[in-house]
Amino acid sequence: MAVLDNFARRGYDVELGAESLVPIEDLSTRIEAWQEVSGRTIASYEGDLLDAGFVFDTVRDFRPESIVHFAEQRSAPYSMIDREHAVYTQHNNVVGNLNLLYAIAEIDPDIHLVKLGTMGEYGTPNIDIEEGWLEVEHNGRRDRMLYPKKPGSFYHLSKVHDSHNIEFACRIWDLRATDLNQGVVYGQQTPQTALDPRLATRFDYDAVFGTVLNRFVIQAVLGQPLTVYGEGGQTRGVIDIRDTVECIRLAVENPAERGEFRVFNQMTESHSVAQIADIVAKCFPGPVQIEHLDNPRVEQAEHYYHVKHTGLVELGLQPHLLSDTLIESMFDLVGANKHRVNDDRLHPTVRWRGAIKS
Ligand code: USQ
């Protein structure tokens, strides 16, 4: 196994003046810790997917069977800060992914690409969301098309562009790829990271990178109001971090066929933001205030949301559904690290219409 990293995520922390709530070791320390607890080695390559020469050299050197591609700027608010951040996000994500597709096609088209997509590619259409593809009948004729996308940020759009590029590469070069359209992740530990504190993974609380349930848990422990945007009627697919890891394992061990662009909706249940706030408030052993802020994003306040997500379950996924026990264990984790929070970073500052002069 090998890991490739340009440490961009650590750079965003410096830029934004926020850090993971749980301290993160440097890569070499984490690799050493993993070797100690598991007896397995991980090779590491330091470089950028935007550097095509580096990508080709790395793929040629390591010759993987599968590549799990998580190396993208993943925050919707970050992509909406201003023009520069939108351009950075789409350039970094779309071009990095394209370099990887070319490397696979030229070096070994048998490599299975497992790509992190997002449920946000679909947006909130007023029809059922299928797993990536849609059977369409139009003027008496039928075809199977990529599901039409209506995403909600320049970040989510970057993943739509990636999906189209990957489907095209599968069609013309006979590559094999799985697009994991992941929902909003919550939780912080997996059975693997729990083996040693040096293996801890990120737990973001700030309004740019923190995801909604994790933020509400942290706000409850800090005695801060839970920041529900608008009425909280927007519904999202969510997934426990332990299941995200399991889904990747299942996708890698059951590769797509050559020429196949396979899509899984990687989420296990849906909740509205208001429901998530209520669940956190109910579990917390003290008083919790819920604050409805003017929604800084542009999104539908109320909408239909029905998602098909059977592909991963058919491969054997046994979902961990959101439970009081999980949320309670997160309270302890936050309590132990709450001195690390910079309160200024909790409140949303990025407005979807904020950078446009009108
Ligand atoms: N929200 C609040 N209050 C908060 C934070 C968020 O009401 O303090 C609301 C947002 O308005 C949104 C929902 O909660 O309606 C989810 O927001 P989020 O920040 O948890 O998630 P999102 O921006 O959609 O992005 C996250 C990850 C991204 C991933 C995506 C999956 O950062 O990498 O792709 O979840 S999905 O949402 O399915 O597209």
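The structure displayed is predicted, hence computed values, not measured ones.
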K.L.:
Please tell me if the side chains of S44 and D5 come closer than 4.5 Å, counting only heavy atoms from C-beta onward.
P.N.:
no

K.L.:
So if you build clusters from Ile, Leu, Val, Met, Phe, Trp, Tyr with side-chain heavy-atom gaps below 4.5 Å, do V184 and M119 land together?
P.N.:
no

K.L.:
Indicate if F209 and L346 have the same hydrophobic cluster label, given that clusters are the connected sets of ILVMFWY residues with side-chain heavy-atom separations under 4.5 angstrom.
P.N.:
no

K.L.:
Does the Lys NZ or Arg CZ of K149 fall within the cation-pi geometry relative to Y122 - under 6.0 Å from the ring centre and within 45° of the axis?
P.N.:
yes

K.L.:
Fit a plane to each ring of Y304 and H306, take the angle between them on a 0 to 90° scale, and name the class: parallel (under 30°), tilted (30 to 60°) or perpendicular (over 60°).
P.N.:
tilted

K.L.:
Would you say the ring centers of Y78 and Y155 fall short of 6.0 Å from each other?
P.N.:
no

K.L.:
Does E137 come within less than 4.0 Å of R142, counting only side-chain N to carboxylate O?
P.N.:
yes

K.L.:
Between R242 and E246, is there a side-chain N and carboxylate O pair less than 4.0 Å apart?
P.N.:
no

K.L.:
If the condition is side chain to side chain donor-acceptor pair (under 3.5 Å), which residues does T89 pass it with, not counting sequence neighbours?
P.N.:
Q73

K.L.:
Would you mind checking if D204 and R9 are paired as a salt bridge, meaning a charged N to carboxylate O distance below 4.0 Å?
P.N.:
yes

K.L.:
Using the rule that Ile, Leu, Val, Met, Phe, Trp and Tyr join whenever any side-chain heavy atoms are under 4.5 Å apart, tell me whether L321 and F216 fall into a single cluster.
P.N.:
no

K.L.:
Quick check: are there more than 12 heavy atoms from other residues, nucleotides or ligands sitting under 6.0 Å from CZ of F70?
P.N.:
yes

K.L.:
Thinking salt bridges, do E72 and K115 make one under a 4.0 Å N-O criterion?
P.N.:
yes

K.L.:
So, are K282 and D324 salt-bridged, with charged N and O less than 4.0 Å apart?
P.N.:
yes

